[in-house]
Amino acid sequence: MSVGIKLRQLDAYRWEIPQEGKMRTRGLIFCAAEMIPALRQDQSLQQVANVATLPGIVGPSLAMPDIHWGYGFPIGGVAAFDLATGVVSPGGVGYDINCGVRLLRTDLHRSEIAGLVQELVDTLFSNIPSGLGSRRRDFKLAPPTLKDVLRYGAAWAVKNGFGNADDLLHIEAGGCIKGADPELISGQALERGHDQLGTLGSGNHFTEIGYVQEIFDETLARALGVFLDQVTVIIHTGSRGLGHQVCDDHIKKLLQASTKYGFDLPDRQLCCAPIQSPEGEEYLAAMAAAANFAFANRQIITHWVRETFQQVLGLGPKALGLELVYDVAHNIAKIETHTVNGRPQKLCVHRKGATRAFPAHHPEVPALYQETGQPVLIPGDMGRYSYLLVGTQQAMEETFGSTCHGAGRILSRHQALKRARGRSIVKELAAQGIIIRGAGKGTVAEEIPEAYKDVEQVVEVVHGAGISRKVAKLHPLGVIKG
DNA sequence: ATGTTC
């Protein structure tokens, strides 16, 4: 428990952990007062303070309102490090490298799929391999091809017939992180990845058909191609066993490096290396390769979503208008330029369970969103709703252009299973008009809505604090889970 | 999150 951590309220949405002891900077947590008691139930505040001790940290050790305990760094954490003096840490990215979310729009009104949701869900379920260890039998990649996936990301997928060139303009970093080096991926990681491209995975990963339930900003919604009662699709998945193995491999290496560089770490899980060291550069190049695998993964699943809609609705691509709004990474470290003390500075920004939220006119935001700001996608639990937001200038000034990533768990998987015992979650959700198909035996029970914070409360904090801006709320109709 | 303990 983080009972002993000092916490000072700055305003309705901001809480500070004052700098003390070995901390090199303060902690800054975006959260509402009613979230504080739950926050103190785990180690996450201690983790915010621990991250503040790392060499070369710039600005505060940040946390978003969906903060909870993670490996070394809290999930919902953001930490930026100076390129010359700072470190990079696998714990600041997480095991699921480039876990992320993409939102697809359609030209369909929800009345056009009424009565077809079950068939859409069933067809998605048969077209997208789902569940723990899910593999695609007819989609094994020879090592040279897999290395191309790792190098080129979503661009590889498009080049090989999954989607179109326009999709790439609607993905963070164009769907390809530069500097990826497939030669740094272990044989074991390659082995785990070779038949997992185009698979959903397990846990909180999902593909969801929904509709636009509420619009908060009509002008922004229109500019993003979103309208009331529109059918939407959300895909949430990452780099599967490949990314997991890359994280594992590099944690081992960086544990050694931390000793070699003489770092005094409050927690071994914060193992890291100087950004500009062989170990640090190798982790970043391997992480980029795993991130590219995840971008390709979401791109291939998108292709199958399009095929599913065409198949079930008997409509062509033009009539469907099934286009990508945007694709965001929420577990990644990026080299970015930010203004620090009035001057541009190159930083390595770790976002772990946090989403980039760049504003209008930022050079890294695609041309078509220059006037709106970068779309930000915040999935909720499967029974409630998800949000579409945009990034803001305030985020650039306070959070290195970052915001929250989701609802955040409040019950452990074990607790959730216990809570779900004797109930049919599928039936309960069906009674609310939401059709669920889960691959894994316990996954749907582990993912019961009450296992999560209400994402609305999380979004109210980031909107209220001004680090992103609400555009629309999306309601689920049919979900496939791992 | 994860071939959920190589």
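Residue numbering restarts at 1 for every chain, and letters A, B, ... go by the order of the sequence lines.
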Exercise. Identify whether any heavy atom of A:Gln196 sits under 4.0 Å from a base atom; if not, whether one sits that close to sugar-phosphate; answer base, sugar-phosphate or nothing.
Key: sugar-phosphate
Practice problem: Specify the separation, in whole Å, of atom CG of A:Asn331 and atom P of B:dT2. | Solution: 11 Å
Quiz item: Whole-Å distance between B:dT5 C1' and A:Gln245 CD?
Solution: 14 Å
Practice problem: Return the value, rounded to whole Å, for the distance between atom OH of A:Tyr95 and atom C1' of B:dT2. | Solution: 9 Å
Self-check item: Length of the CG-P vector between A:Asn297 and B:dT2, whole Å
Solution: 10 Å
Quiz item: Do the side chain of A:Asp66 and the main chain of A:Gly406 share a donor and acceptor less than 3.5 angstrom apart?
Solution: yes
Practice problem: Using heavy atoms and a sub-4.0 Å distance, could you list which residues of residues 232-242 of chain A are near DNA chain B? By number, please. | Solution: A:Arg240, A:Gly241
Quiz item: Over how many whole Å does the gap from A:His244 atom NE2 to B:dT5 atom P extend?
Solution: 9 Å
Practice problem: Can you measure from CD (A:Gln46) to CD1 (A:Ile17) and round to the nearest 0.5 angstrom? | Solution: 8.0 Å
Quiz item: What residue pairs, at least two apart or across chains, pass ring pair (Phe, Tyr, Trp, His ring centres under 6.0 Å) with a residue in residues 274-301 of chain A?
Solution: A:His250-A:Tyr283
Quiz item: Please give, in whole Å, the distance from B:dT2 C1' to A:Ile251 CD1?
Solution: 12 Å
Quiz item: Over how many whole Å does the gap from A:His250 atom NE2 to B:dT2 atom P extend?
Solution: 19 Å
Practice problem: Answer yes or no on whether A:Lys352 is positioned over the face of A:Phe73, meaning its NZ or CZ is under 6.0 Å from the six-membered ring centre and within 45° of the axis. | Solution: no
Quiz prompt | salt_bridge(A:Arg14, A:Glu398) N-O dist < 4.0 Å | solution = yes
Quiz prompt | Atom-pair distance (CG on A:Asp195; C1' on B:dT2), nearest Å | solution = 15 Å
Self-check item: Listed once per pair and sorted, the ring pair (Phe, Tyr, Trp, His ring centres under 6.0 Å) pairs that draw on residues 172-205 of chain A, sequence neighbours left out
Solution: A:His205-A:His236
